[in-house]
Amino acid sequence: MGLTHVVKNYLAPSLETQVPLILGVWGGKGQGKSFQIELICKALDLEPVIMSAGEMESEWAGQPGKLIRDRYRTASQVIKNQGKMSALVINDLDAGIGRFENTQCTVNNQMVVGTLMNLCDNPTRVSVGQEWREADIVKRVPIIVTGNDFSTLWAPLIRDGRMDKFYWQPTREDIVNTVFRMYSKDGITIEEIGTIVDTFPNQALDFYGALRSRTYDKEVLKWANEIGTENLGRKLVNKKRDEPLPVFIAPEQTLEKLIEAGESLVEEQKLVNEMRLSDVYMKKQTGPGVSLLG
């Protein structure tokens, strides 16, 4: 879907049909939406300009909308000056401008929605506050956004014609293939990846990436002890300009090590879900409040 969306937008001037500027990829948490977009960009040799939900708000009214237009024009300049395809990618859009229960809609939320809608309607006319110039035409740039629940977004933004929607719900085969790509340099076979996925079902895709990171822990601790904890600051941060970092040899990845790491992560998940220490520290008040001032 992502490849089709990008190609259609670059062919839009020659197509006798309306082409939505935005592709919305949505689905459950940790399912690899951003990772899949990253793979598509690499496969197409596309230079993405990336934004996050944290940039959808600011202490200054109108700043996030201007930032989106700036980034859009930056992607357009990549196309024009470097001769490479580009796209504007906004991760977790619904976290930035979604309407949730008991949350306040700000001026910036409205400005971001209005900016994205205007880009869809006028993808080659993008002002960043300068005086209007008739000849100021920019290259059309496809926009890809990710999120968990697009029903929280302003309906006119996600309507057909402005946004193509794609629900990403990976099958077991999709998960195995994606995780296999993560471990492509570690010599793990696709059959062993299948065993890991079956051993830890119903986990977010990020979980399988965390397995690899967890297997480094013992080796990193051993490496740090060999250097000496008192020398770590000097070796890692305050080293001389021409002094290389100490050599760290990455651990060999095996099925047994990864399953052991996975069991440790699952145990941590259970503790988080079962302990609920906030119930002890912040007991819910059921009766009338009592003033501490008497």
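Just the heavy atoms: all of them, side chains too, but no hydrogens, waters or symmetry mates, feed the values below.
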Hey, what do you get for [atom1] ([X]) to [atom2] ([Y]), rounding to the nearest 0.5 Å?
| X | Y | atom1 | atom2 | answer |
| --- | --- | --- | --- | --- |
| E263 | F200 | CD | CZ | 5.0 Å |
| L3 | L39 | CG | CG | 12.5 Å |
| L21 | C120 | CG | SG | 5.0 Å |
| T215 | I259 | OG1 | CD1 | 13.0 Å |

Side-chain heavy atoms of [X] within contact of [Y], under 4.5 Å:
| X | Y | result |
| --- | --- | --- |
| E268 | V272 | no |
| Y208 | L258 | no |
| Q36 | V25 | no |
| V179 | I196 | no |
| Q269 | F207 | yes |
| V197 | F180 | no |
| R162 | L116 | no |
| R71 | I90 | no |

Residue pair [X] / [Y]: nearest heavy atoms and the distance that separates them:
| X | Y | value |
| --- | --- | --- |
| V176 | G194 | CG2-CA, 4.1 Å |
| N9 | P20 | ND2-O, 3.2 Å |
| S52 | M56 | O-CE, 3.7 Å |
| T199 | T195 | OG1-O, 2.6 Å |
| G96 | A53 | N-CB, 3.6 Å |
| G262 | L211 | CA-CD2, 3.1 Å |

Discussion item. Among T171, N177, T178, which residue satisfies the side-chain hydrogen bond (donor to acceptor under 3.5 Å, both in side chains) criterion with D174?
Written reply: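 One option only clears the test, and that one is T171.
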Checking [X] side chain against [Y] main chain: does a donor-acceptor pair fall under 3.5 Å?
| X | Y | result |
| --- | --- | --- |
| K33 | G28 | yes |
| T124 | K139 | no |
| S184 | R181 | yes |
| D94 | N148 | yes |
| Y72 | V141 | yes |
| K8 | L15 | no |
| W168 | Q31 | yes |
| E226 | W223 | no |
| N109 | T106 | yes |
| N108 | G62 | yes |

Practice prompt. Using a strict cut-off of less than 4.0 Å between a Lys/Arg side-chain nitrogen and an Asp/Glu carboxylate oxygen, indicate whether D70 and R73 qualify as a salt bridge.
Written response: no
Worksheet entry | E260/K218 ion pair, N-O < 4.0 Å | yes
Discussion item. Taking atom CD as the centre, does Q82 end up with more than 12 heavy-atom neighbours from other residues, nucleotides or ligands that are less than 6.0 angstrom away?
Written reply: yes
Practice prompt. Assess whether side-chain contact (heavy atoms from CB on, under 4.5 Å) is satisfied between K29 and D206, documenting all intermediate values.
Written response: CA-CA 9 Å; K29 59 182 177 63; D206 292 339; over 6 Å; no
Discussion item. Salt bridge (charged side-chain N to carboxylate O under 4.0 Å, His left out) for D198 and R172? Distances and angles first, verdict last.
Written reply: CA-CA 9 Å; D198 292 337; R172 178 188 178 278; 2.9 Å; yes
Worksheet item: Are Y167 and W26 close enough that their ring centres sit under 6.0 Å apart?
Response: yes
